[in-house]
Number of protein chains: 2
Amino acid sequence: MQSKPTTIKEIARILNISPSSVSRGLHDHPSIGAVTREKIKQLAKSLNYEPNNAAILFQKGKTYTIGVILPELSEHFFSIAISAIEDEAIKKNYTVIFAQSHDNYDQEVKLVEKMKNQRVDGLLVSISKDTSKFDHFEKLNSFNIPVVFFDRIPPFKNVHYVACSLESATIKAVNYLLKKGHRSIGMINGPSTLYASEERKDGYMQAITFNRLKFDPSLVVNCDLTEEGTIDAANQFLNHKRKPTAIVAFNDYVALFLIKYFKKLNVINDFDIVSYANLPIISYLDNSPVASVEQYPYLQGQKAANILLDLIHSPNSENQAYYNTIVESDLIVNEVKE
Amino acid sequence: MQSKPTTIKEIARILNISPSSVSRGLHDHPSIGAVTREKIKQLAKSLNYEPNNAAILFQKGKTYTIGVILPELSEHFFSIAISAIEDEAIKKNYTVIFAQSHDNYDQEVKLVEKMKNQRVDGLLVSISKDTSKFDHFEKLNSFNIPVVFFDRIPPFKNVHYVACSLESATIKAVNYLLKKGHRSIGMINGPSTLYASEERKDGYMQAITFNRLKFDPSLVVNCDLTEEGTIDAANQFLNHKRKPTAIVAFNDYVALFLIKYFKKLNVINDFDIVSYANLPIISYLDNSPVASVEQYPYLQGQKAANILLDLIHSPNSENQAYYNTIVESDLIVNEVKE
DNA sequence: AAAAACAGCGCAAACGTTTGATTAATTTTG
DNA sequence: CAAAATTAATCAAACGTTTGCGCTGTTTTT
């Protein structure tokens with residue numbers, strides 16, 4: 001029953017013309033007469049002709065496909081980002097293939113390899129937590145496959161990237177808390193190996209010193225981002241000689257653990273919490289953070305995709321300019337509870 | 001700088017043998033001698049040979065790619081499901097391409113077309129809310145592209161699908177509420193056009209009548225699933241002559257709106273709410289639903305992917321058997337507060 | 001009326017890989 | 001020792017499409 005798909009050759013045979021004419025006819029090439037063109041198009045339609053993409057891609061050496069490698073699709077941030085990427089890609093008639101590194105360096109290396117074999121026209125990457133070497137991306141250069149990093153980016157400038165400035169976002173957050181009158185502000189930071197932790201800490205310090213306050217290192221504690229780790233950190237604050245009245249949490253998950261713990265101890269009202277947005281509904285919580293750093297995943301995905309498509313279409317990239325795009329993140333203040 | 005990728009032809013030229021021998025050598029074909037084989041492999045490695053996938057796919061007429069069409073990637077359920085799909089696909093060395101219908105029928109039709117042009121080996125689909133005709137999938141048959149529907153499935157049996165039995169899940173939910181002593185139970189259902197709404201209603205009715213209670217149609221109200229719609233529905237319950245003491249919400253979003261509204265009216269403690277799980281952190285809410293119907297998105301994605309891969313590998317599908325897989329959904333009871 | 005321009009189409013190569021059929025050289029067998 | 005079997009490699013076609021070039025016949029320009 002499954003008839004082999006119609007090909008250009010077949011149309012040519014039936015019409016007693018050459019395949020090249022059929023191809024040109026279908027593409028409205030000027031050198032094909034109007035009558036022949038119409039005959040071709042009609043027959044094509046009536047035979048349900050569908051161009052064989054694989055053949056075209058092979059022939060052109062382009063795939064009209066962009067690859068996306070990210071740590072975890074099930075994380076809200078990434079699901080929004082890739083949703084934006086797909087939306088942009090489809091506008092330009094590109095297809096998206098993706099794969100998850102599950103925050104594993106080896107897996108990431110494999111995936112880059114696989115994407116290269118698939119001959120994607122370009123690659124969008126949010127690097128895994130494990131990743132500290134970046135050779136696997138260099139190979140892509142020699143194949144002329146552009147790469148744009150987003151959100152989780154390598155710590156150097158000579159790559160294309162889109163990211164949020166967590167540093168300036170943190171400054172905003174701490175400033176906000178200072179303006180609310182807080183004088184002792186704790187920060188639950190991530191592991192010190194993470195670049196994102198560094199940025200947060202730098203932002204914290206800048207805001208503190210800019211406001212002519214003394215920076216107390218013991219108010220910034222590193223944490224493995226688990227529930228237990230969060231509780232440990234919380235305990236350090238509770239026992240601190242200058243017990244903080246506000247806390248900047250590494251992300252919404254940490255904030256969630258923190259709120260849960262503080263509620264249990266019945267001290268939740270002693271603290272203002274600021275967090276970095278991951279979870280869409282955290283503001284529905286009863287004792288939700290007073291403010292959130294919004295990182296605009298949709299926008300980041302959108303920009304990264306557009307930059308990549310630009311790079312793909314730019315003639316030949318001997319222009320040694322790198323797109324370093326910073327998406328300004330905003331502090332979203334939750335409307336105050338009555 | 002970007003050297004053209006090495007090809008089999010080139011290796012053949014350098015080694016003064018034929019391309020076919022190189023191909024066979026690389027694939028450990030028995031008819032190539034051990035010495036030649038090694039020479040081939042060594043040279044291939046030293047030249048960084050990478051098979052040109054596009055060429056292979058074209059040649060074989062297979063793409064080792066499965067397509068996924070779903071309504072909204074940013075919905076938690078789907079992001080988990082596709083995450084599972086990718087995990088399964090990569091195990092079998094398949095690649096995943098995906099696209100979002102944004103719950104739009106026309107878009108869905110286009111995407112099916114596009115996937116077909118891409119010659120995906122198989123298709124996984126969760127249909128859009130808009131979709132009531134299904135011709136666009138029939139075409140795929142003649143191209144021998146198997147389709148497996150998941151979660152949002154067409155309302156007939158002669159297709160492959162994986163889904164949850166919302167009916168039995170609803171029975172469990174209502175039974176649970178009845179056992180807790182509730183005698184008047186409201187249901188905020190979705191639009192009546194949705195199959196999912198029908199299932200919920202059927203389950204509700206079955207549980208009610210099985211327990212020898214009288215079914216009151218006015219306790220099941222349809223809703224457009226927006227916040228306003230939810231409030232309307234809530235008001236109907238509040239003004240009901242037999243004011244319900246428990247409510248089954250269509251999903252977590254509805255539950256969220258409901259909780260927010262009831263809190264505002266300060267009547268939240270008058271109701272037990274049961275919902276269908278969409279949001280991972282809803283149980284962190286202060287007045288969270290007492291129970292949730294878990295629909296196991298990861299499992300559904302996993303099963304759907306495996307069925308599809310089975311179908312792809314099954315010789316020729318003249319076996320008129322359809323996979324109709326039901327993933328039992330469970331009622332997850334939230335641990336009682338304090 | 002010759003030269004130039006052009007319209008409309010076909011030829012053939014090319015993209016990189018795989019694979020059935022074939023050949024040539026070597027070894028085994030009765 | 002001739003015939004058969006085995007081994008090792010080659011040939012050539014094929015997958016479907018695109019595209020530079022060339023060819024013919026007609027129309028326009030000088």
Side-chain angles (χ1 to χ4, degrees), chain A residues 2-41 43-44 47-65 93 116-121 143-144, chain B residues 2-41 43-44 47-65 93 116-121 143-144:
Chain A
Q2 100 273 19
S3 44
K4 291 272 156 262
T6 312
T7 70
I8 280 193
K9 284 186 180 181
E10 200 170 321
I11 297 181
R13 198 176 41 74
I14 297 178
L15 252 38
N16 250 323
I17 57 182
S18 78
S20 40
S21 298
V22 176
S23 172
R24 287 190 238 259
L26 291 170
H27 289 88
D28 293 318
H29 192 281
S31 84
I32 299 296
V35 278
T36 329
R37 178 166 19 91
E38 284 317 308
K39 271 199 296 185
I40 292 169
K41 288 194 176 180
L43 185 60
L47 289 182
N48 278 320
Y49 168 74
E50 304 282 355
N52 180 331
N53 241 294
I56 297 175
L57 303 182
F58 165 57
Q59 212 280 141
K60 296 211 170 189
K62 273 200 63 172
T63 56
Y64 291 95
T65 296
N93 248 302
K116 180 171 42 111
N117 285 9
Q118 298 257 7
R119 299 286 200 276
V120 293
D121 289 347
F143 285 87
N144 224 26
Chain B
Q2 98 274 18
S3 44
K4 293 271 156 262
T6 312
T7 70
I8 280 193
K9 284 186 180 181
E10 200 171 320
I11 297 180
R13 198 177 42 73
I14 297 179
L15 252 39
N16 250 323
I17 56 180
S18 77
S20 39
S21 298
V22 176
S23 171
R24 290 189 161 104
L26 291 171
H27 288 88
D28 293 319
H29 192 280
S31 86
I32 299 296
V35 277
T36 329
R37 180 168 15 95
E38 284 317 308
K39 270 200 294 183
I40 292 171
K41 289 196 175 181
L43 186 59
L47 289 182
N48 278 320
Y49 168 74
E50 304 281 355
N52 181 331
N53 240 293
I56 296 175
L57 303 183
F58 165 57
Q59 211 280 141
K60 295 211 170 187
K62 273 200 65 170
T63 55
Y64 291 95
T65 297
N93 248 303
K116 180 171 43 108
N117 284 10
Q118 298 257 7
R119 302 283 201 277
V120 292
D121 288 346
F143 285 87
N144 223 27

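Remember, it's a predicted structure, so these values are computed and weren't measured experimentally. Heavy atoms only: backbone and side chains are in, while hydrogens, waters and symmetry mates are out. Sequence lines set the chain letters: A, B, ... in the order given, protein chains first and strands last, and positions in each chain run from 1.
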- Task: Check A:Leu47, A:Leu43, A:Ile14 against A:Thr6 for a side chain to side chain contact (heavy atoms under 4.5 Å, CB included) and give me the one that passes.
- Result: A:Leu47

- Task: Would you check if the side chain of A:His29 reaches a backbone N or O of A:Ser31 as a donor-acceptor pair within less than 3.5 Å?
- Result: yes

- Query: Would you say the side-chain atoms of A:Asp121 pair up with the backbone N or O of A:Lys62, donor to acceptor, closer than 3.5 Å?
  - Reply: no

- Message: Could you work out how much the helix from C:dA1-D:dT30 to C:dG30-D:dC1 bends, comparing the axis of its first five pairs with that of its last five, to 10°?
- Response: 50°

- Item | Residue pair A:Ile40 / A:Leu15, side-chain heavy-atom distance below 4.5 Å | yes

- Message: Counting C-beta onward and ignoring hydrogens, is there a side-chain heavy-atom pair between B:Leu57 and A:Phe58 closer than 4.5 Å?
- Response: no

- Here the pair of heavy atoms bringing A:Arg119 nearest to B:Glu50 is NH2-O, 3.6 Å

- Answer yes or no: is there a side-chain heavy-atom contact under 4.5 Å between B:Val22 and B:Arg13? no

- Tell me, do A:Tyr64 and A:Asn53 make a side-chain contact under 4.5 Å, heavy atoms counted? no

Atom pairs under 3.5 Å: protein N/O with N/O of nucleotides 6-12 of chain C:
from, atom 1, to, atom 2, distance (Å)
C:dC9, OP1, A:Thr36, OG1, 2.4
C:dC9, OP2, A:Gly33, N, 2.6
C:dC9, OP2, A:Thr36, OG1, 2.9
C:dG10, OP1, A:Ser18, N, 3.4
C:dG10, OP2, A:Ser18, N, 3.0
C:dG10, OP2, A:Ser18, OG, 3.2
C:dG10, OP2, A:Ser21, OG, 2.3
C:dG10, O6, A:Arg24, NH2, 2.8
C:dC11, N4, A:Ser20, OG, 2.9

- Can you tell if the side chain of B:Thr36 reaches within under 4.5 Å of the side chain of B:Ser21, non-hydrogen atoms only? no

- To the nearest 0.5 Å, tell me how far B:Ile17 CD1 sits from B:Ile32 CD1. 7.0 Å

- Counted 5' to 3', the first and last nucleotides of DNA chain D within 4.0 Å (strictly under) of a heavy-atom of chain B are D:dA8 to D:dG16

